[in-house]
Q: 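One structure is given below, represented as structure tokens, and several questions about it will come after.
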Amino acid sequence: QVQLVESGGGLVQAGDSLRLSCAASGRDFSSYSMGWFRQAPGKEREFVATISRSGRTIVYADSLEGRFAISRDNAKSTLYLEMNSLKPEDTAVYYCAAREKMSGSQWTRDYDSWGQGTQVTVSS
């Protein structure tokens with residue numbers, strides 16, 4: 001399986017932007033569709049965005065209101081999540097995940113590999 005390591009989290013103020021990265025190793029990154037999920041304290045892990053192997057198909061959670069953008073660089077084996085106009089309710093641990101399928105998924109059960117997560121805290 002592919003190994004995933006997230007980075008880029010931190011403490012920011014409401015309205016700020018942040019870019020998360022997810023570095024993959026161990027397997028051919030381009031063989032995996034990828035997803036970003038997040039988990040706030042006391043809540044279930046929820047879907048944020050997913051991107052296909054090629055990067056041509058992208059799906060976002062409706063609740064994001066167009067503030068986030070997922071992308072990937074297969075040459076660098078890296079997944080990104082650009083987050084803009086951050087709100088306190090975006091505070092969570094953010095996880096990247098991989099599945100060895102052409103298309104991504106909104107469901108955690110469909111992913112084979114997970115990173116350890118990176119904390120994002122948005123203050124008001």
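This structure is a prediction, so every number in the text was calculated from the model and none was measured.
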Q: Taking distance alone, no hydrogens or angles, what donor-acceptor pairs closer than 3.5 Å link side-chain atoms of residues 101-109 to residues at least two apart or in another chain?
A:
{"residue": "Ser105", "atom": "OG", "partner": "Trp107", "partner atom": "N", "Å": "3.0"}
{"residue": "Ser105", "atom": "OG", "partner": "Asp110", "partner atom": "OD2", "Å": "2.5"}

Q: Look up atom CZ in Arg99 and atom OG in Ser113, then write down how far apart they are to the nearest 0.5 Å.
A: 12.0 Å
Q: Write out all pairs satisfying salt bridge (charged side-chain N to carboxylate O under 4.0 Å, His left out) with one or both partners inside residues 49-62, taking only residues at least two apart or from two chains.
A: none
Q: Restricting to non-hydrogen atoms, name the atom on Gln1 and the atom on Gln3 that form the minimum distance, rounded to 0.1 Å.
A: O-NE2, 2.9 Å
Q: I'd like to know if the side chain of Asp73 reaches the main chain of Lys76, judged simply by a donor and an acceptor atom lying under 3.5 Å from each other, with no hydrogens or angles considered.
A: yes
Q: What do you reckon, is NZ of Lys87 surrounded by more than 12 foreign heavy atoms closer than 6.0 Å?
A: yes
Q: Using links of under 4.5 Å between side-chain heavy atoms of ILVMFWY residues, direct or through other members, which residues join Phe37 in one cluster?
A: Phe47, Val59, Val93, Tyr95, Tyr111, Trp114
Q: Counting C-beta onward and ignoring hydrogens, is there a side-chain heavy-atom pair between Gln116 and Glu6 closer than 4.5 Å?
A: yes
Q: Show me the pairs that pass side chain to side chain donor-acceptor pair (under 3.5 Å) and involve residues 9-20, at least two apart or across chains.
A: Ser17-Asn84
Q: Checking Ser7 now: which residues fulfil side chain to side chain contact (heavy atoms under 4.5 Å, CB included) with it, not counting sequence neighbours?
A: Ser21
Q: Salt bridge (Lys or Arg N to Asp or Glu O under 4.0 Å) for Arg38 and Glu44? Distances and angles first, verdict last.
A: CA-CA 8 Å; Arg38 66 186 183 184; Glu44 293 187 353; over 6 Å; no
Q: Pairing donors with acceptors under 3.5 angstrom, does anything connect the side chains of Thr121 and Gln119?
A: yes
Q: Any donor and acceptor pair, going by atom type alone, linking the side chain of Arg72 with main-chain N or O of Ser52 inside 3.5 Å?
A: yes
Q: Clusters formed by hydrophobic residues whose side-chain heavy atoms approach within less than 4.5 Å: which one holds Leu4, and what are its other members?
A: Val2, Val12, Leu18, Leu20, Phe29, Tyr32, Met34, Trp36, Val48, Ile51, Ile58, Tyr60, Leu64, Phe68, Ile70, Leu79, Leu81, Met83, Leu86, Tyr94, Val120, Val122
Q: Taking Glu100's backbone N and O only, do any of them form a donor-acceptor pair with Asp112's side chain (distance below 3.5 Å, no angle check)?
A: yes
Q: Shortest non-hydrogen contact from Pro88 to Ser124?
A: CG-CB, 3.8 Å
